[in-house]
> 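Please see the structure below; I have some questions.
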Amino acid sequence: MSTQTDTISGWNREQMAKRAALDIPNGSYVNLGIGIPEKVAQYVPAGREVIYHTENGLLGMGIAPEPGQEDPELINAGKKPVTVIPGAAYFHHADSFAMIRGQHIDICVLGAMQVAENGDLANWSTGAPDAIPAVGGAMDLVAGVKTIYVITQHCTKSGEPKLVDTCSYPLTGQAVVSRIYTDLAVIDVTPEGFMVAELAPGIDFDHVQARTGAKLIPGQMLASVVNG
Amino acid sequence: MSTQTDTISGWNREQMAKRAALDIPNGSYVNLGIGIPEKVAQYVPAGREVIYHTENGLLGMGIAPEPGQEDPELINAGKKPVTVIPGAAYFHHADSFAMIRGQHIDICVLGAMQVAENGDLANWSTGAPDAIPAVGGAMDLVAGVKTIYVITQHCTKSGEPKLVDTCSYPLTGQAVVSRIYTDLAVIDVTPEGFMVAELAPGIDFDHVQARTGAKLIPGQMLASVVNG
Amino acid sequence: MTMIDKRIDSVTAVVADIFDGATVMVGGFGEAGSPIELIHALIDSGAKNLTVVNNNTGSGHVGLAALIENKQVGKMICSFPRTANSTVFPDLYRAGEIELELVPQGTLAERIRAGGSGVPAFYTATSVGTPLAEGKELRNFGGRDYVMEFGLKADFALIKCERADRYGNLVYNKTARNFGPIMAMAANITIAQTGAQVEVGAIDPEMVVTPGIFVDRIVTVAYPAQESKLVAAGRSYP
Amino acid sequence: MTMIDKRIDSVTAVVADIFDGATVMVGGFGEAGSPIELIHALIDSGAKNLTVVNNNTGSGHVGLAALIENKQVGKMICSFPRTANSTVFPDLYRAGEIELELVPQGTLAERIRAGGSGVPAFYTATSVGTPLAEGKELRNFGGRDYVMEFGLKADFALIKCERADRYGNLVYNKTARNFGPIMAMAANITIAQTGAQVEVGAIDPEMVVTPGIFVDRIVTVAYPAQESKLVAAGRSYP
């Protein structure tokens with residue numbers, strides 16, 4: 001995570017997760033992807049009750065077990081040991097994906113390789129000819145969950161923009177992403193394109209635009225600053 | 001059941017059920033239709049363990065409860081009170097019909113209005129314009145269960161043949177019936193047409209042929225009698 | 001803490017927003033699993049021109065039969081609209097006052113399960129070559145013909161269960177389970193009447209039949225009426 | 001009385017008729033629910049040119065990874081053939097020695113459930129607009145595009161459960177349930193390794209997850225190996 005962009009300023013991984021967590025309403029059924037998205041659960045504001053789904057077959061996933069308390073038959077979609085909360089339920093894979101594909105899960109937070117300004121998401125393959133293709137449940141999640149949030153560094157390690165006009169990598173789904181949380185900004189996918197809803201402290205609009213592969217639109221809360 | 005045919009001779013309802021029961025192998029999963037088919041369970045020969053499915057959501061259906069022991073939430077597909085055997089299982093309607101439609105049930109025994117010589121079955125509607133159409137699970141059963149047996153009087157109350165060259169009533173399924181147990185005979189549906197496998201005591205081949213709306217073929221066990 | 005709590009106090013309140021013209025799935029196979037108190041509350045509410053999905057059309061003059069008799073149902077989607085002890089549906093059907101979509105029972109169950117699972121259409125061998133396949137698309141897979149059927153969704157589902165917690169986790173009683181779990185999946189708003197409420201955690205996670213994600217509202221009816229007893233007593237509703 | 005009894009004494013006998021070229025569904029998501037003793041028995045049996053359906057391709061050099069490494073698998077149907085701790089599948093795949101059908105995880109589960117339920121094909125929104133929909137039939141329902149997917153069946157399923165009775169009624173343990181119930185439906189012969197056998201009637205009919213109709217053979221493995229421990233210890237099979 002030592003990109004040039006990061007060293008200038010912006011949110012770190014924990015702060016990105018914390019910012020995303022603010023947008024998880026009370027009572028939501030939520031599926032969190034592997035990596036930074038997993039951290040969102042730690043930061044959901046106090047006073048909200050959220051139920052976590054893991055697609056291998058559990059609703060009501062709890063926190064990681066204490067060391068020594070791991071059960072190899074109680075794991076999450078990342079194959080890590082988890083616990084269950086009171087009121088949890090186990091079910092088989094078809095029922096679990098019916099929750100996803102039948103639009104019963106409210107929010108899914110995922111990582112991304114690229115997001116296009118129309119909401120296209122690429123997060124499963126670079127399309128490199130020697131790569132072993134592996135997709136897991138990513139395509140089911142983006143096609144089926146009501147709201148898709150992405151948490152990602154704004155640029156790749158080599159400084160390439162991940163928010164682009166058109167994805168060059170193979171898609172996971174078309175026009176599926178609603179909002180993106182990066183180290184630099186919170187950006188909504190709108191019919192007009194990427195709209196910047198918030199900037200990380202110390203980051204200005206032009207700084208983000210310079211690191212984005214598509215035109216950014218200032219959101220309402222930013223408009224006065226940018227235009228005024 | 002007071003047809004002219006019946007008064008001559010042949011098997012009665014209990015005997016028809018008993019004859020059909022001989023053909024239920026040990027270890028079968030069986031679904032029995034309403035009416036005479038239900039009686040088959042009483043006559044499965046001792047020493048065979050058979051598991052009964054009722055499509056409203058129970059595998060391991062037992063006998064009728066003692067009077068006063070009825071549970072309105074423990075019923076069969078005919079909406080009559082039943083019991084469960086040890087080792088029974090409850091499940092929802094889609095899972096129950098997956099057992100039927102996915103070809104997991106071995107044998108289904110049904111009643112019939114008409115059976116055609118190619119195995120077509122009509123048992124749900126006369127097609128009368130003022131009738132209230134009602135099909136239940138009959139079409140699922142005949143399309144999905146591996147082997148379909150029919151138990152029926154050989155003729156209607158008015159003496160019309162129920163075994164015919166072509167069904168005049170709306171079909172329940174095409175080419176689905178394997179074997180028919182009537183008051184007069186046991187008849188197999190073969191690629192060549194209806195083949196008489198057994199005759200009821202005192203009934204001869206010509207008697208059955210005269211009451212059947214399609215050509216009958218004597219089966220192997222009868223061939224010596226008929227041809228010789 | 002704002003807890004998730006799907007419990008509602010009254011059957012009146014729990015069905016209050018069922019609107020005219022809504023599609024309503026009603027659980028139960030015959031009386032087993034029939035949410036009779038919810039149906040009677042729907043009669044009280046007066047919502048009209050409903051499309052109702054149920055395997056049957058009710059018995060006597062209570063429950064679903066009473067809802068139909070009260071002229072609140074414009075269309076029934078069911079597999080078996082006849083019963084020995086009710087002429088409510090047949091009379092209205094012959095009079096042209098109610099529409100019928102007749103669906104084989106297993107196709108009905110599969111369509112409901114598909115509707116709740118993101119499957120807009122599927123193929124089945126059931127009904128091929130029969131009048132119920134007329135006008136439907138046929139397609140051959142592996143040498144056998146199948147008919148295309150559509151997933152079925154609803155605005156509301158009214159179901160009955162044995163126990164429920166505040167998350168909406170449900171368990172059922174014996175063969176009263178029937179359509180409950182799949183209707184809960186297929187409806188936008190699922191309303192369950194439960195014989196008992198239990199604490200969160202009281203239902204073993206291995207035993208939950210309908211996970212709470214499929215349930216929106218719970219109302220307790222500790223001593224539900226038994227439809228067959230009402231019918232035998234000649235009762236009618238309202 | 002000739003009782004129904006699906007119990008078989010040894011893992012060797014229970015997989016003995018798995019033939020060259022068979023399609024074999026193997027339960028488990030990672031190590032949870034993986035029937036490792038059945039897989040090892042299949043390695044001992046030597047059946048070749050198998051098509052294996054599993055979500056993954058195994059870990060280390062035991063279980064499914066060992067079956068692949070032993071060149072018994074001609075084709076994998078799975079959603080995620082990469083693991084941090086195994087290069088068995090990637091090496092063979094790059095060498096062109098094993099075929100891969102990559103299927104999104106939910107589509108894989110739905111295809112298996114369809115295969116066991118008499119549904120030859122269905123439509124899903126998953127993968128539309130992606131390389132995994134290429135060459136597949138697209139169809140619009142209600143303004144949205146869906147791709148047609150086929151039901152998936154198998155000659156055999158190897159699954160793992162917690163308890164079983166002689167009828168083949170099964171219950172599972174926690175998230176080890178995953179693919180077991182649907183693979184049991186989709187296979188011609190379903191073989192379950194169980195942690196314990198119980199008397200018929202010992203499993204509450206309300207709690208049965210896989211009814212015995214879907215299960216053909218049961219073998220007890222009271223103390224199954226834990227795949228991750230074998231991998232951590234650097235073990236390989238055979």
Side-chain angles (χ1 to χ4, degrees), chain B residues 24-31 44-62 71 73-76 82-108 137 139-146 173 176, chain D residues 1-7 109-122 151-154 157 161 163-172 180-190 197-218:
Chain B
I24 309 289
N26 183 56
S28 300
Y29 290 93
V30 175
N31 183 298
V44 170
R48 297 186 196 172
E49 191 172 20
V50 171
I51 299 196
Y52 296 99
H53 173 260
T54 183
E55 60 265 33
N56 50 315
L58 167 61
L59 194 67
M61 178 171 62
D71 180 341
E73 297 200 324
L74 179 51
I75 61 175
N76 66 13
V82 295
T83 56
V84 295
I85 64 167
Y90 300 113
F91 30 80
H92 64 58
H93 240 71
D95 281 349
S96 186
F97 277 88
M99 293 176 190
I100 292 170
R101 295 153 66 102
Q103 299 188 298
H104 303 284
I105 308 281
D106 296 308
I107 295 171
C108 178
M139 289 185 183
D140 305 292
L141 286 162
V142 301
V145 173
K146 292 177 200 161
V176 294
Chain D
M1 177 156 172
T2 316
M3 292 196 308
I4 295 172
D5 193 346
K6 299 179 179 177
R7 295 171 294 188
E110 190 70 16
R111 287 182 62 191
I112 295 167
R113 191 257 169 207
S117 305
V119 172
F122 61 90
L152 194 56
K153 293 189 189 187
C161 67
R163 276 172 291 141
D165 65 24
R166 67 179 167 85
Y167 285 168
N169 291 309
L170 311 183
V171 294
Y172 300 85
I182 52 176
M183 288 181 171
M185 297 170 72
N188 187 30
I189 303 284
T190 293
Q197 287 180 12
V198 298
E199 287 303 304
V200 157
I203 304 175
D204 180 349
E206 301 279 11
M207 273 204 74
V208 172
V209 176
T210 294
I213 192 169
F214 296 127
V215 178
D216 298 278
R217 302 173 192 162
I218 296 153

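Each chain gets a letter, A, B and so on, in the order its sequence line appears, and its residues count up from 1.
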> Given a strict heavy-atom distance threshold of 4.5 Å, which part of B:Ile100 is in contact with chain D: side chain, backbone, both, or neither?
neither
> Where do B:Gly87 and D:Asn169 come nearest, in terms of heavy atoms and distance?
O-ND2, 2.8 Å
> Which atom names give the shortest non-hydrogen contact between B:Tyr29 and D:Tyr167, and what distance separates them?
OH-O, 3.7 Å
> Kindly write out the residues that satisfy side-chain hydrogen bond (donor to acceptor under 3.5 Å, both in side chains) with D:Tyr172, not counting sequence neighbours, or none if the list is empty.
D:Thr210
> Exactly one of D:Ile203, D:Val200, D:Asp165 should register a side-chain contact (heavy atoms from CB on, under 4.5 Å) with B:Pro86. Which one does?
D:Val200
> List the atom of D:Ser117, the atom of B:Arg101, and the distance in Å for their closest heavy-atom pair.
O-CB, 3.6 Å
> Return the CD to CZ distance between B:Glu49 and D:Arg166, rounded to the nearest 0.5 Å.
4.5 Å
> For residues B:Met99 and D:Pro211, report the shortest heavy-atom separation together with the two atoms involved.
CE-CG, 3.6 Å
> On a heavy-atom basis, which atom in B:Ala98 and which in D:Met185 lie closest, and how many Å separate them?
CB-CE, 3.7 Å
> Could you state the interatomic distance from CG (B:Asp106) to CD1 (D:Ile213), rounded to the nearest 0.5 Å?
7.0 Å
> Can you name the side chain to side chain contact (heavy atoms under 4.5 Å, CB included) partners of B:Asp95, sequence neighbours left out?
B:Phe91, B:His92
> With respect to chain D, which residue among B:Ala143, B:Ala88, B:Gly60, B:Ala94 yields the maximal number of heavy-atom pairs within a distance under 4.5 Å?
B:Ala88
